[in-house]
Amino acid sequence: MRRTSVLAILLLVGSFLLVPASPAGAAPYCGIRWGSLTKSTLSLAPAHVVDVRTGRHACFDRLVVDLDGASGGYHVEYVDEVRADGSGNVVPTRGGASLQITVGNPSYDDDYNLTYAPADPSELRDVSGYRTFRQVVSAGTFEGNTDIGIGVRARLPFRVFELAGPGAGTRIVVDVAHRW
């Protein structure tokens with residue numbers, strides 16, 4: 001009887017030692033702990049959008065909005081459909097989810113001359129071969145704001161931040177992780 005009790009205790013303790021670690025205890029992918037909720041610091045600034053660029057990294061895809069001065073902030077969120085500011089028209093994007101990026105800076109100068117005029121607003125950058133991005137589109141510029149849409153593979157974690165430079169310029173950076 002005593003031998004059976006000891007054996008039962010050993011089996012019970014051993015079963016806890018063999019259970020794999022829970023996903024909650026697993027290390028985050030590439031150290032990413034960003035989340036997918038709205039990120040916003042939106043205001044308005046007189047600087048202008050002058051370029052939109054993209055890049056591929058080991059753990060995320062990156063979009064950079066170049067400004068020729070101070071940032072007016074940003075508002076970035078997952079949306080059911082990217083919409084053009086002002087008209088509200090749907091701007092189609094490829095992918096399983098869509099991010100709408102509003103930058104608090106216009107893409108035109110004080111005389112309403114465009115400071116950023118993409119050749120193809122429905123394909124701002126070629127993102128073929130990217131792991132997360134499926135399409136980058138212009139959703140227009142209206143009343144001091146510029147809107148950009150990113151079609152992504154799925155609703156994945158993202159982060160947004162600003163970088164100074166080059167020169168007097170500012171860059172708004174949006175990184176979208178390749179996975180959770």
Do L124 and Y116 have side chains that approach each other closer than 4.5 Å (heavy atoms only, starting at C-beta)?
yes

Spell out, as yes or no, whether a donor-acceptor pair under 3.5 Å connects the side chain of R62 to the backbone of V176.
no

Would you say S36's side chain and R155's backbone share a donor-acceptor pair under 3.5 angstrom?
no

Are V127 and I101 linked, directly or through other ILVMFWY residues, by side chains that come within less than 4.5 angstrom of each other?
yes

Do other residues, nucleotides or ligands put more than 12 heavy atoms under 6.0 Å from the CG atom of N113?
yes

Evaluate ring pair (Phe, Tyr, Trp, His ring centres under 6.0 Å) for Y78 paired with F158, printing each intermediate quantity in order.
CA-CA 10 Å; Y78 278 103; F158 70 94; 5.6 Å; yes

Between A70 and A47, what is the shortest heavy-atom contact and its length?
O-CB, 3.2 Å

Checking the side chain of H48 only, and the main-chain atoms of P46 only, is there a donor and an acceptor separated by less than 3.5 Å?
yes

Of all heavy-atom pairs linking A154 and A97, the shortest is C-CB, 3.7 Å

Tell me if a side-chain donor or acceptor on T170 pairs with a main-chain N or O of L67 at a distance below 3.5 Å.
no

Below 3.5 Å, can you tabulate the donor-acceptor pairs from side chains in residues 133-151 to any protein atom, sequence neighbours excluded?
unit_1 : atom_1 : unit_2 : atom_2 : d
R134   : NH1    : Y130   : O      : 3.3
R134   : NH1    : R131   : O      : 3.4
Q135   : OE1    : R94    : N      : 2.8
Q135   : NE2    : S122   : O      : 2.8
Q135   : NE2    : E123   : OE2    : 3.3
S138   : OG     : G140   : N      : 3.2
T141   : OG1    : S107   : N      : 3.1
T141   : OG1    : N145   : O      : 2.9
T141   : OG1    : T146   : OG1    : 3.2
T146   : OG1    : N105   : O      : 2.7
T146   : OG1    : S107   : N      : 3.3
T146   : OG1    : S107   : OG     : 2.9
D147   : OD1    : Q100   : NE2    : 3.3
D147   : OD1    : T102   : OG1    : 2.5

Let me check something: any side-chain donor-acceptor pairs from residues 161-169 under 3.5 Å, sequence neighbours excluded? List them with distances.
unit_1 : atom_1 : unit_2 : atom_2 : d
E162   : OE2    : S71    : OG     : 3.0

L156 and H178 have their tightest heavy-atom pair at CD1-O, 3.8 Å

Does R171 come within less than 4.0 Å of D66, counting only side-chain N to carboxylate O?
no

Which heavy atom in K39 sits nearest to a heavy atom in Y74, and how many Å separate them?
O-CD1, 3.8 Å

Validation row: L63, V52 side chains within 4.5 angstrom (heavy atoms)
yes

Which atom pair, heavy atoms only, marks the closest approach of I172 to G73?
CD1-O, 3.6 Å

D51 bridged to R125 by N-O distance under 4.0 Å
yes

Contact summary for W180 and P157, nearest pair of heavy atoms
CE3-CG, 3.4 Å

Is it true that D61 and R56 make a salt bridge, defined as a side-chain N closer than 4.0 Å to a carboxylate O?
no

So how far is it from E77 CD to T38 OG1, rounded to the nearest 0.5 Å?
4.0 Å

To the nearest 0.5 angstrom, please state how far the SG atom of C59 sits from the CD1 atom of I32.
5.5 Å

Got a sec: does the CG of D110 have more than 12 other heavy atoms crowding it under 6.0 Å?
no

According to a 4.5 Å side-chain heavy-atom criterion applied to Ile, Leu, Val, Met, Phe, Trp and Tyr, with indirect links allowed, do V91 and V79 form part of one hydrophobic cluster?
yes

